[in-house]
Protein chains: 2
Amino acid sequence: MSQTWTISELAKEFGVTPRTIRFYEDEGLVTPQRDGQNRIYDSRDRARLAWILRGRRVGFTLADITEMLNLYDLGDGRETQRVVTLEKCRDRLTALESQRADLDATIDELANFCRLLEDWKAGTPLDEIRRKHNAKLRSVAE
Amino acid sequence: MSQTWTISELAKEFGVTPRTIRFYEDEGLVTPQRDGQNRIYDSRDRARLAWILRGRRVGFTLADITEMLNLYDLGDGRETQRVVTLEKCRDRLTALESQRADLDATIDELANFCRLLEDWKAGTPLDEIRRKHNAKLRSVAE
DNA sequence: GTTTACCTTTACGTAAACGTCAATACCTGG
DNA sequence: CCAGGTATTGACGTTTACGTAAAGGTAAAC
């Protein structure tokens with residue numbers, strides 16, 4: 001028999017509440033088995049949960065995540081179905097990549113600002129420091 | 001005189017509604033000048049707006065964004081203030097980088113699945129294709 | 001002069017993603 | 001046999017991030 005988990009075990013492991021996991025079930029994102037009335041999660045449920053939560057950390061809505069998970073369910077395997085799925089998949093990838101560009105830009109600016117703060121020892125006039133860095137920040141900050 | 005914009009100009013440019021921009025003002029994220037009762041946005045407001053919206057695309061809450069923008073306002077320049085700001089800045093960076101890791105992993109899996117879909121021409125048995133790819137997907141999908 | 005096209009404020013509405021009881025069921029140990 | 005702990009299903013509450021009228025001000029255009 002392969003390993004299984006209870007709801008609170010998974011909740012603890014992933015740092016969410018059982019309520020959250022039950023909510024995802026209501027939304028059809030996970031479909032655990034039952035032992036009597038208790039939920040039993042297998043490794044596939046666990047993997048899906050991990051996927052969902054990572055998606056959430058990346059900023060997706062549950063609707064987004066639902067769609068992406070549905071992409072993995074290939075349906076009946078008809079050719080048109082495959083083509084549509086592939087198309088959606090690529091759209092998602094494009095979105096993800098542009099999101100990564102945004103993320104990189106944000107990281108860049110924050111890292112830059114970090115360096116500014118590191119350079120700035122008490123006594124150094126602000127103007128001088130700011131001159132050392134490019135003007136982008138100045139346009140955002142005061 | 002440097003360039004200025006109306007609310008609907010910026011709204012159009014950034015693909016949001018004027019309501020959104022006014023809401024950000026209510027939250028103290030932008031503080032445009034006024035011409036009579038009409039709002040006038042300068043290049044600094046514009047830059048802040050761009051920053052806010054990029055933050056939003058990356059999945060931050062407005063509270064997060066507020067905090068990050070406040071980091072840029074260096075306060076009175078006292079040393080302790082600088083240190084605290086630097087610390088927060090670094091924490092943010094850490095979070096951003098772990099988010100980037102999540103994003104990369106998500107992109108990886110989706111790209112992998114894309115390749116699977118591309119390989120799968122009608123007639124090819126599913127099992128055979130799945131064997132070609134690693135087992136991670138199988139654990140998430142059906 | 002009035003229609004059109006913006007702008008404004010105030011205020012209530014809403015969807016998403018859970019939180020938070022409440023009432024109930026099921027074992028397990030003393 | 002009863003308390004304690006964990007499970008369940010409703011059902012209503014809450015926060016965030018705006019949407020959506022309602023009611024009006026101003027200024028150019030016809």
Does B:Arg19 place a side-chain N or O at less than 4.0 Å from the phosphate oxygens OP1/OP2 of C:dT9?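 Looking at the OP1 and OP2 atoms of C:dT9, neither is under 4.0 Å from any side-chain N or O of B:Arg19.
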Between C1' of D:dC18 and CG of B:Leu62, the distance in whole Å: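 Computing the B:Leu62:CG to D:dC18:C1' distance gives 9 Å.
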Does A:Tyr24 have a side-chain nitrogen or oxygen under 4.0 Å from the phosphate oxygens OP1 or OP2 of C:dA17?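 Checking A:Tyr24 against C:dA17: no side-chain N or O falls below 4.0 Å of OP1 or OP2.
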How many Å lie between CD1 on B:Ile21 and P on D:dA17, as a whole number?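 One finds 16 Å between P of D:dA17 and CD1 of B:Ile21, rounded.
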Quick one: B:Asp26 CG to D:dG19 C1', roughly how many Å, whole number?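 Those two atoms, CG and C1', are 14 Å apart.
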B:Asp35 CG - C:dT8 P separation (whole Å):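 About 10 Å, once rounded to whole Å.
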Any A:Thr17 side-chain nitrogen or oxygen under 4.0 Å from OP1 or OP2 of C:dG19: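 For C:dG19, OP1 or OP2 has a side-chain N or O of A:Thr17 closer than 4.0 Å.
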Tell me whether A:Asp35 contacts the main-chain N or O of A:Asn38 through its side chain, where contact means a donor paired with an acceptor under 3.5 Å.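 No, because the side chain of A:Asp35 does not come within donor-acceptor range (under 3.5 Å) of the backbone of A:Asn38.
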Nearest nucleotide by nearest heavy atom, which residue falls closer to the 5' end of DNA chain D, B:Asn38 or B:Thr61?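 Between the two, 5'-proximity favours B:Thr61.
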Is a side-chain donor or acceptor of A:Arg57 paired with a backbone partner of B:Gln99 at a separation under 3.5 angstrom?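 Such a contact is absent between A:Arg57 side chain and B:Gln99 backbone.
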So, OP1 or OP2 of C:dG19: does either fall under 4.0 Å of a side-chain N or O from A:Arg22?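 For A:Arg22, the contact criterion (side-chain N or O under 4.0 Å from OP1 or OP2 of C:dG19) is not met.
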Would one find a side-chain N or O of A:Thr20 under 4.0 angstrom from OP1 or OP2 of C:dA17?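 No, outside the criterion.
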Could you pick out which residue, A:Glu27 or A:Gln37, lies toward the 5' side of DNA chain C when each is mapped onto its nearest nucleotide?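 By nearest-heavy-atom nucleotide position, the 5'-most residue is A:Glu27.
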Please report, rounded to the nearest Å, how far the C1' atom of D:dT26 is from the CD1 atom of B:Ile40.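 Distance, rounded to whole Å: 14 Å.
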Would you say B:Arg56 places a side-chain N or O within less than 4.0 Å of OP1 or OP2 belonging to D:dC18?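 Yes, such a contact exists.
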Can you tell me which nucleotide in D:dA17, C:dA17, D:dT9 comes closest to the side chain of B:Phe23?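 It is D:dA17.
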Between B:Asp45 and B:Arg39, is the closest basic N to carboxylate O distance under 4.0 Å?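 No, this pair does not count.
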Between B:Arg90 and B:Glu87, is the closest basic N to carboxylate O distance under 4.0 Å?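 No salt bridge links B:Glu87 with B:Arg90.
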Using a strict threshold of under 4.0 Å (side-chain N to carboxylate O), is an ion pair present between A:Glu25 and A:Arg34?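 Between A:Glu25 and A:Arg34 there is a salt bridge, with a charged N closer than 4.0 Å to a carboxylate O.
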CD1 of B:Ile7 versus P of D:dG25: gap in Å, rounded?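 B:Ile7 atom CD1 is separated from D:dG25 atom P by 20 Å.
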Nearest whole angstrom, please: distance from the P of C:dC7 to the CD of B:Glu25.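 In whole Å, C:dC7 P lies 14 Å from B:Glu25 CD.
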For B:Arg39 and D:dT26, what is the distance between atoms CZ and P respectively, to the nearest whole Å?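 Value for this atom pair: 16 Å.
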Please determine whether a side-chain nitrogen or oxygen atom of B:Thr6 lies at a distance below 4.0 Å from atom OP1 or OP2 of C:dC7.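 For B:Thr6, the contact criterion (side-chain N or O under 4.0 Å from OP1 or OP2 of C:dC7) is met.
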